[in-house]
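Structure record follows, encoded as structure tokens.
Protein chains get the first letters and strands the later ones, always in sequence-line order, with residue 1 at the start of each. From a predicted model like this one, the values you see are computed outputs, not experimental measurements.
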Amino acid sequence: MKYWLMKSEPATYSVDDLAKRRKPDIWEGCRNYTVRNFFRDIMKAGDLAFFYHSSCPEPGIVGVMRIVGDAYPDPTQFDPKSPYHDPKSPRDNPRWLARDVELVAKYPRVVTLSELRATAGLEGMEVLKRGQRLSVLPVTEAEWQAVARLVG
DNA sequence: GCCAACGTTGGC
DNA sequence: GCCAACGTTGGC
């Protein structure tokens, strides 16, 4: 099993939006080939992922999700009304993939970006690297455990 | 295949 | 709103 960190702007889709579903929901709109390849080749059903809020007053990790099922074509790429519409994506060979996720736990508090930066053992964490902009990032088991200890 | 221009991300 | 970083596009 692998570990991940998945970013979302809470104004667009927050951990509370996922919590309200009370069932798996689609993680859609990823438009980056590295992320597409993660979804296609590396991420597996049962993997765990941190839910990370970005571009907001308190960026940080807000909960844990589990990956459900397999990757499948992201329907928003074919929807002209969607902000994620990609008119160049061929119907018979879709460019972009989505995953389904279910909420495992919403944390009782935000584990903030500044707290992550200050935590021993997280020095190499991808999300802390300067210039790192991928919305889905791998997390090592040691990093996963270190973050879990922060929330008890 | 190169690479400059452009667009996006995301913390601050 | 700024801007550094870096992915994508497209002319050549």
Side-chain angles (χ1 to χ4, degrees), chain A residues 2-21 25-44 47-67 71-101 103-140 142-151:
Chain A
K2 291 191 162 50
Y3 299 96
W4 304 90
L5 181 145
M6 299 170 75
K7 302 179 187 174
S8 181
E9 300 187 14
T12 302
Y13 186 84
S14 73
V15 68
D16 289 323
D17 292 325
L18 178 55
K20 276 184 231 154
R21 300 274 305 175
D25 199 3
I26 180 173
W27 197 272
E28 66 188 15
C30 293
R31 295 293 181 266
N32 173 283
Y33 288 105
T34 301
V35 172
R36 192 276 309 271
N37 294 347
F38 284 160
F39 281 179
R40 187 187 60 195
D41 304 330
I42 306 180
M43 185 178 273
K44 302 295 180 198
D47 286 358
L48 295 176
F50 290 130
F51 195 131
Y52 181 94
H53 281 177
S54 65
S55 293
C56 59
E58 201 171 35
I61 294 169
V62 292
V64 172
M65 304 180 281
R66 183 181 295 109
I67 308 303
Y72 59 96
D74 183 341
T76 64
Q77 69 197 304
F78 301 122
D79 179 1
K81 296 193 296 290
S82 169
Y84 306 120
H85 181 227
D86 182 355
K88 293 183 182 172
S89 181
R91 281 263 176 192
D92 55 356
N93 184 25
R95 279 187 187 178
W96 308 115
L97 299 175
R99 303 291 310 216
D100 284 344
V101 295
L103 189 65
V104 173
K106 179 189 171 184
Y107 284 161
R109 64 183 183 83
V110 179
V111 180
T112 63
L113 180 59
S114 60
E115 184 177 359
L116 295 174
R117 290 195 193 284
T119 298
L122 298 184
E123 295 82 0
M125 199 172 183
E126 289 289 336
V127 73
L128 305 182
K129 289 184 181 170
R130 130 196 185 112
Q132 181 54 266
R133 298 179 310 163
L134 291 182
S135 62
V136 176
L137 295 165
V139 173
T140 69
E143 291 161 354
W144 185 273
Q145 302 298 345
V147 173
R149 278 195 296 275
L150 292 174
V151 284

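Following rounding to the nearest Å, A:Arg133 (CZ) and C:dC3 (C1') show an atom-to-atom distance of 12 Å. Regarding A:Tyr84, its OH atom lies at a distance of 19 Å from the P atom of B:dG7, rounded to whole Å. Summarising the geometry, the separation between CG on A:Leu5 and C1' on B:dG11 is reported as 15 Å, rounded to the nearest angstrom. A:His53 places its NE2 atom 17 Å from the P atom of B:dC12, with the value rounded to the nearest Å. Remark: P of B:dG11 and CD of A:Glu58 are 12 Å apart, rounded to the nearest angstrom. Put simply, OH on A:Tyr33 is 15 Å from P on B:dT9, counting in whole angstrom units. Distance A:Leu134 CG to C:dG7 C1': 9 Å, rounded to the nearest Å. As a whole-Å value, the separation of A:Glu9 CD from B:dT8 P is 12 Å.
Closest to the side chain of A:Ser55, from the set C:dT9, B:dG10, C:dG7, is B:dG10. Comparing B:dC12, C:dT8, C:dG10 by their closest approach to the side chain of A:Lys88 singles out C:dG10. Closest to the A:Ser54 side chain, of the nucleotides C:dT9, B:dG11, C:dG7, is B:dG11.
Side chain of A:Asp41 to main chain of A:Phe38: no donor-acceptor pair is present (N/O by atom type, distance under 3.5 Å, no hydrogens or angles). Distance alone, capped at 3.5 Å, is enough to place a donor-acceptor pair between the A:Gln132 side chain and the A:Leu134 backbone.
Taking side-chain N and O atoms only, A:Tyr52 has a distance below 4.0 Å to OP1 or OP2 of B:dG11. Put simply, A:Lys7 has no side-chain N or O that comes within less than 4.0 Å of OP1 or OP2 on B:dT8.
Among the candidates A:Arg36, A:Arg99, A:Arg31, the single residue satisfying the side-chain contact (heavy atoms from CB on, under 4.5 Å) test with A:Asp74 is A:Arg31.
Within 4.0 Å of A:Lys129, counting heavy atoms only, lies no atom of the nucleic acid at all.
The distance between the ring centers of A:Trp96 and A:Tyr72 does not fall below 6.0 angstrom.
Under 3.5 Å, the side chains of A:Asp79 and A:Tyr84 contain no donor-acceptor pair of N or O atoms.
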